[in-house]
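To keep things clear, I will list the structure first and then write my remarks on it.
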Number of protein chains: 2
Amino acid sequence: MDRRGDIIRGVWRTILTRGIAGVSVRAVAEAAGVSVGLVQHYHRSKDALIRASAAAMIEGSAAAYRLAGFAPSEAVRHLVTHAIPTSPAARDGVVIWHAYLAASVADEELAALLRAAKSGQERELATHLAAVVPEDEVTHVARSLIALADGLAARVITGEISGADAVQTAEAATDAFAGIARGRSQAP
Amino acid sequence: MDRRGDIIRGVWRTILTRGIAGVSVRAVAEAAGVSVGLVQHYHRSKDALIRASAAAMIEGSAAAYRLAGFAPSEAVRHLVTHAIPTSPAARDGVVIWHAYLAASVADEELAALLRAAKSGQERELATHLAAVVPEDEVTHVARSLIALADGLAARVITGEISGADAVQTAEAATDAFAGIARGRSQAP
DNA sequence: ATGGATACAATACAATCGTATTGCTTGCCG
DNA sequence: CGGCAAGCAATACGATTGTATTGTATCCAT
């Protein structure tokens, strides 16, 4: 009986069905199958509840990444394409992330959480990129690739392009940047 | 006395100060300096109000772009970097855009609006890119550049990186893609 | 066993929500 | 001049909101 987790998952489900504006303590309680009182027991306010759910999501995907134990080359690929949803289930994560982003304009504490998560992701990518890109370009390339993936992900969730298309674009870009870095040695 | 416009701007101001979840008919009316009744007079429901404000924003930036009348080379630069806020005022536009994106999960009609706007932007960039990129890569490069800019913009609004840094990254990427397309003729 | 913490539910409350209704003013068309 | 449409404000409605309060179980340490 992981009520704490149920509540967090309730927040996510509510975001997905009613949008961030539709998240209320009652809606979350119902989605989680618990009472309003219990939600309050674990989270002192609605804002705190949302922040906790964001923190849980960030921690969850960091843990999944560590668990996977990627080889260096796979790590780069994973870090770039991971943000892009190729299945309905993965789509959810991106939708939820954008909900937090929108909510962060009215919650500086939440904004700080998201900031830290993204720059952590960028640093992680940069360390793996160091093997294949000159040192003075690493930060720059890492930032570009993460941004590209995020931008593509945003268009996938609106249904504008497919996840597969987005991944293909992202992988081509990854090769392109790596190619440039290796002195354009990959011309056909 | 442009009350219609006042109301739309009221929506935007409310999004910026209270987030998309804080947008209520009353809050918008107050921000616009009009009565609740007048907001209802022009917009049959809150959802319709939000959609109208999104449509106004999309139309507004399209009109501004047409008015500017860029030369082809400037157009590419503008279309890529425009989404990236370099001033507090420009930041607002990106924040508002993300608010709409978050709201679109619970409003399919709004989602369609955003979809159409983004793919229009991509098509416009593609036509200007045709002069400098091989035909079979145009769509792909346009998509990558727009996605890159959007991803960078998202990180600017969280305060993680500066607008200037983001623009620099975006311009470097633009050159890189153009460079690749020209057969890597730009090596140092 | 007993006492205090923790887990959980129920309910009460004022505030705010979206929307419907009504009415007053203004301007234009006949 | 009269009438009708549009612009605009006020208010009333029940529903929903966030949160405080209060209660009862359940537990583990003393």
Side-chain angles (χ1 to χ4, degrees), chain A residues 1-56 96 99-100 102-111 113, chain B residues 1-56 96 99-100 102-111 113:
Chain A
M1 278 275 144
D2 175 23
R3 311 289 233 166
R4 257 194 130 99
D6 289 344
I7 292 171
I8 297 299
R9 282 183 290 273
V11 173
W12 295 339
R13 213 167 311 152
T14 307
I15 289 176
L16 292 172
T17 53
R18 317 186 13 168
I20 187 72
V23 174
S24 71
V25 177
R26 268 166 256 259
V28 169
E30 193 183 352
V34 304
S35 70
V36 179
L38 191 63
V39 175
Q40 289 186 271
H41 177 69
Y42 287 115
H43 307 278
R44 68 188 70 220
S45 72
K46 179 189 165 180
D47 284 356
L49 168 64
I50 290 179
R51 283 194 291 267
S53 73
I96 293 168
Y100 290 139
S104 75
V105 314
D107 184 343
E108 173 52 35
E109 211 170 317
L110 177 59
L113 272 178
Chain B
M1 279 269 149
D2 176 23
R3 310 288 231 167
R4 260 195 128 98
D6 289 344
I7 292 171
I8 297 299
R9 283 183 289 273
V11 174
W12 295 340
R13 213 166 312 152
T14 307
I15 289 176
L16 293 172
T17 53
R18 314 179 25 162
I20 187 69
V23 173
S24 71
V25 177
R26 269 165 254 260
V28 169
E30 193 182 355
V34 303
S35 70
V36 178
L38 191 63
V39 175
Q40 291 187 104
H41 178 68
Y42 287 115
H43 307 279
R44 68 188 69 217
S45 72
K46 178 189 166 179
D47 284 357
L49 168 65
I50 289 179
R51 283 194 291 267
S53 73
I96 293 168
Y100 290 139
S104 75
V105 314
D107 184 344
E108 174 51 35
E109 211 170 317
L110 177 60
L113 272 178

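A, B, ... follow the sequence lines: proteins, then strands. Residue 1 opens every chain. All values below come from the heavy atoms of this structure, side chains included, with hydrogens, waters and symmetry mates left out.
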*Report the residue from A/V28, A/I96, A/V39 that forms a side chain to side chain contact (heavy atoms under 4.5 Å, CB included) with A/V11.*
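Result: among A/V28, A/I96, A/V39, A/V28 is the only option passing the side chain to side chain contact (heavy atoms under 4.5 Å, CB included) with A/V11.
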*Could you check whether A/V28 gets within reach of a base, just the sugar-phosphate, or nothing at all, counting any heavy atom under 4.0 Å?*
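Touches nothing.
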*In sequence, state the C-alpha distance, the side-chain angles, and the governing distance for B/I50 and B/E109, and then conclude on side chain to side chain contact (heavy atoms under 4.5 Å, CB included).*
CA-CA 11 Å; B/I50 289 179; B/E109 211 170 317; over 6 Å; no
*Distance from A/R51 atom CZ to A/S45 atom OG, nearest 0.5 Å?*
6.0 Å
Nearest-Å distance, [atom1] ([X]) to [atom2] ([N])?
| X | N | atom1 | atom2 | result |
| --- | --- | --- | --- | --- |
| B/R3 | D/dG7 | CZ | P | 12 Å |
| B/R26 | D/dA15 | CZ | P | 16 Å |
| B/R4 | D/dA6 | CZ | P | 12 Å |

Please find the pair of heavy atoms, one from [X] and one from [Y], that lie closest to each other, and give the distance.
| X | Y | answer |
| --- | --- | --- |
| A/L38 | A/I7 | O-CD1, 4.1 Å |
| A/G19 | B/A106 | N-CB, 4.1 Å |
| B/A31 | B/G10 | CB-O, 3.8 Å |
| A/A102 | B/A99 | CB-CA, 4.2 Å |
| A/A54 | A/L110 | CB-CD1, 3.6 Å |
| B/A27 | B/G22 | CB-O, 4.0 Å |

*Residues which pass side chain to side chain contact (heavy atoms under 4.5 Å, CB included) with A/A21, listed by chain and number, not counting sequence neighbours*: B/A21
*Show your reasoning for whether side chain to side chain contact (heavy atoms under 4.5 Å, CB included) applies to A/V105 and B/I15.*
CA-CA 8 Å; A/V105 314; B/I15 289 176; 5.6 Å; no
*Kindly express the pairing pattern of DNA chain C in dot-bracket notation, using | wherever a base pairs with another strand and counting only Watson-Crick or G-U pairs under 3.5 Å.*
|||||||||||||||||.||||||||||.|
_Counting only heavy atoms and a strict 4.0 angstrom limit, can you tell me which residues of residues 29-45 of chain A come near DNA chain D?_
A/V36, A/Q40, A/S45
*Going by number, which of residues 7-15 of chain A have a non-hydrogen atom under 4.0 Å from DNA chain C?*
none
_Need two values: the first and the last nucleotide of DNA chain C, 5' to 3', having an atom under 4.0 Å from any heavy-atom of chain B._
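Under 4.0 Å from chain B, the extent on DNA chain C is C/dC17 to C/dA20.
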*Qualifying side chain to side chain donor-acceptor pair (under 3.5 Å) pairs, either residue in residues 3-22 of chain A, two or more places apart*: A/D6-A/R9, A/W12-A/Y100
*asked:* Measuring to OP1 and OP2 of D/dT17, would you say a side-chain N or O of A/S24 lies under 4.0 angstrom away?
replied: yes
